[in-house]
Amino acid sequence: MPEPSAAKNTGAGGATLDVRVWRGGADGEGRYQRFSVPRLASQTVLDVVTWIQRHADPSLAYRFACRVGMCGSCAMSVNGVARWTCRTHVAKVIEGERLDIAPLANLPVVRDLVTDMREFFDKWARAKGQFQPTATRHDDFAVVRPESQARAQVDAAIECIGCGVCYASCEVVAWNPEYLGPAALNRAWTLVRDERDGARLDRLAAVSGDAGCHACHTHTTCTERCPKHLSPTASIAGLKRATALAIIKGDL
Amino acid sequence: MSTKGVLEREPLSSRARGEARAWVAQRVSAAVLALCVLVHLVTMIVAVRNGLSADAILDRTRGNLAWAAFYSVFVLAVGVHAPLGLRVVAAEWLQWRGRSADIACVAIGLALIALGARAVAAVAL
Amino acid sequence: MRSGWANRGHPAFWAFVVHRISGVLLALFLPLHFLALSQAIAGAGALDAFLAWTRNPWVSASEVAVVFLLAAHFTGGLRLLAIEFIGWKVESQKALLALAGGGAVFFALLFALNLV
């Protein structure tokens, strides 16, 4: 990547950003390290992090992959809010000249801006977020009408790519260590409403109780922050209705 | 080859079932309270208009079985709703969970119902 | 790492805080309320003595506050029941929040105006 020159700083006139980046290890002990980063037009937060690692401090650890807003790997906490850094323009989130970059909240830190996502995916599994087939290769194709209410509900929630932004944003996850979280519950809902799936009651059992959908207080922070504009709140409300009905009917 | 039943049917743990039932009870009592609170708010506004004196209140409520029944339902619903709400607050903000928290929850419920029943008796009987 | 207050500064989160705080305060208030009403057992005179105390402006102000807390918890609760059981869209939450907030203020004002 070519050195950014002052001549290229259209509209920014050679200005610099005052960036604080959280540096630390798995023990959670760390501190913010300051960097002066050249300010460029149309710069994203991922551009800033990449510049720091390439020009200022090669020991900075961070994750990214597609850098075009498809994979969700670059999620970090920017000025206190979880975002995809590749899709976050500096101009949109900067406070004065200051930019604070930290690892996603509610997850253990591996190093610097890299978090350990295992718990996030373990909870996905605990919510029974896997499709359970009921047909075999000898059966006809399942016919699922896309305009049916159930499929519409699934379609509204199916685009989750497991980036962790909602999980990092949820206050209940912070207060309740066992809480499965918005992403896992959202995925469970898409399967509960999938007419081909065969594990409905197992899944409703998995998402019941203080670790499950019943711990959601409709803060809707997850829905506010989801970069794909999904609504885990709505999915979790659906799970609340489905579990309540199953409890009242005695199925659970 | 059947693929049915690959996910082992794990029964809902009794703890989780209890918690889920508590949630349902919380919402059901909330619905009951929604009606009771609406009536109570309107009643209080009307009562305050006509001046709050013991005679004015007791005139309307003493020996009135309808009020007694209404407030008894109110007290029972509160006795369910308030402790369950406090239980969640204790778990999330005080990190107080488990058996002792559950016992405290039940104790608070019983205390509220006892005090409430006494108040209903005082005013309506 | 814990998320900070920047994460929480959105309307639905404040609605939650109001709902939770009002619930806790109401739960603390209720035993006092029941005990006060139980004064009537000792006869109208005892209840009147208590009611005279409530005419103190500080107490009156607290009563308005309690009515507001009850109204806020009530309207906030209706909003939650609508989202959870009727499946009202979370995106229309701003309208729901305005409704809930406005309703609570309405009740409290009505009470306060009749008290004065």
Side-chain angles (χ1 to χ4, degrees), chain B residues 23 26-31 33-59 61-62 71 74-75 78-79 81-90 92-93 108-109 111-125, chain C residues 16 19-24 26-52 54-55 60 63-64 66-68 70-82 84-85 103-104 106-116:
Chain B
W23 187 90
Q26 182 69 331
R27 292 319 192 253
V28 169
S29 62
L33 284 170
L35 287 165
C36 293
V37 163
L38 187 60
V39 170
H40 192 54
L41 277 172
V42 170
T43 308
M44 286 306 107
I45 289 167
V46 169
V48 153
R49 262 194 123 161
N50 299 335
L52 258 183
S53 78
D55 280 329
I57 297 172
L58 295 174
D59 262 346
T61 59
R62 269 264 158 80
Y71 280 113
F74 202 162
V75 164
V78 159
H81 190 80
L84 288 176
L86 290 172
R87 180 185 153 271
V88 174
V89 179
E92 291 181 354
W93 285 2
I108 289 172
L112 276 173
I113 290 174
L115 284 173
R118 192 159 159 265
V120 172
V123 165
L125 294 183
Chain C
F16 158 78
H19 197 69
R20 180 164 279 193
I21 301 291
S22 64
V24 171
L26 285 166
L28 292 172
F29 160 78
L30 266 179
L32 303 172
H33 187 49
F34 290 156
L35 284 169
L37 288 169
S38 300
Q39 295 292 313
I41 290 176
L47 186 56
D48 263 323
F50 173 76
L51 287 171
T54 65
R55 255 151 237 144
S60 293
E63 284 175 353
V64 176
V66 169
V67 168
F68 175 73
L70 183 61
H73 197 77
F74 163 66
T75 55
L78 287 178
R79 171 183 161 261
L80 286 179
L81 289 176
E84 289 178 349
F85 287 100
F106 168 73
F107 276 114
L109 268 179
L110 213 54
F111 180 80
L113 289 171
N114 281 309
L115 194 57
V116 169

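Chain A is the first sequence line, chain B the second, and so forth, proteins listed ahead of strands; every chain is numbered from 1.
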Set of salt bridge (charged side-chain N to carboxylate O under 4.0 Å, His left out) partners for C/Glu84, sequence neighbours left out: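 Salt bridge (charged side-chain N to carboxylate O under 4.0 Å, His left out) list for C/Glu84, sorted by chain: A/Lys240, B/Arg27.
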Taking every non-hydrogen atom, the tightest pair across C/Ile21 and B/Trp93: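 Heavy atoms only, the tightest pair is CD1-CZ3, 4.2 Å.
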Shortest non-hydrogen contact between C/Ser38 and B/Ala122, atoms and distance: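 For C/Ser38 and B/Ala122, the tightest heavy-atom pair comes out as CA-CB, 3.8 Å.
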Using a cut-off of under 4.5 Å for heavy-atom pairs, which of [options] has the most such pairs with chain C?
{"options": "B/Ala31, B/Gly116, B/Ala30", "answer": "B/Gly116"}
{"options": "B/Ala111, B/Ala34, B/Ala82", "answer": "B/Ala34"}
{"options": "B/Met44, B/His40, B/Glu92", "answer": "B/Glu92"}

Residues forming a ring-ring contact (aromatic ring centres under 6.0 Å, His included) with C/Phe16, sequence neighbours excluded: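 Once residues adjacent in sequence are excluded, the partners of C/Phe16 under the ring-ring contact (aromatic ring centres under 6.0 Å, His included) criterion are A/Trp175, A/His217, A/His219, C/Phe13.
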Partners meeting ring-ring contact (aromatic ring centres under 6.0 Å, His included) with C/Phe74 (sequence neighbours left out):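 C/Phe74: no ring-ring contact (aromatic ring centres under 6.0 Å, His included) contacts found.
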Contacting region of B/Leu41 [heavy-atom separation from chain C under 4.5 Å]: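 Side chain only.
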Residue part contacting chain C, namely of B/Val78, when any heavy atom lies under 4.5 Å: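 The side chain, not the backbone.
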Proximal to chain C - members of residues 83-90 of chain B, heavy-atom separation under 4.5 Å: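 When heavy atoms of chain C are the reference, residues 83-90 of chain B contributes B/Leu86, B/Val88, B/Val89 within the under-4.5 Å range.
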Pair B/Arg118-C/Leu35, side chain to side chain contact (heavy atoms under 4.5 Å, CB included): steps then yes or no: CA-CA 8 Å; B/Arg118 192 159 159 265; C/Leu35 284 169; 3.9 Å; yes
Contact class of C/Leu32 relative to chain B, heavy atoms under 4.5 angstrom: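 When you check distances to chain B, no heavy atom of C/Leu32 falls under 4.5 Å.
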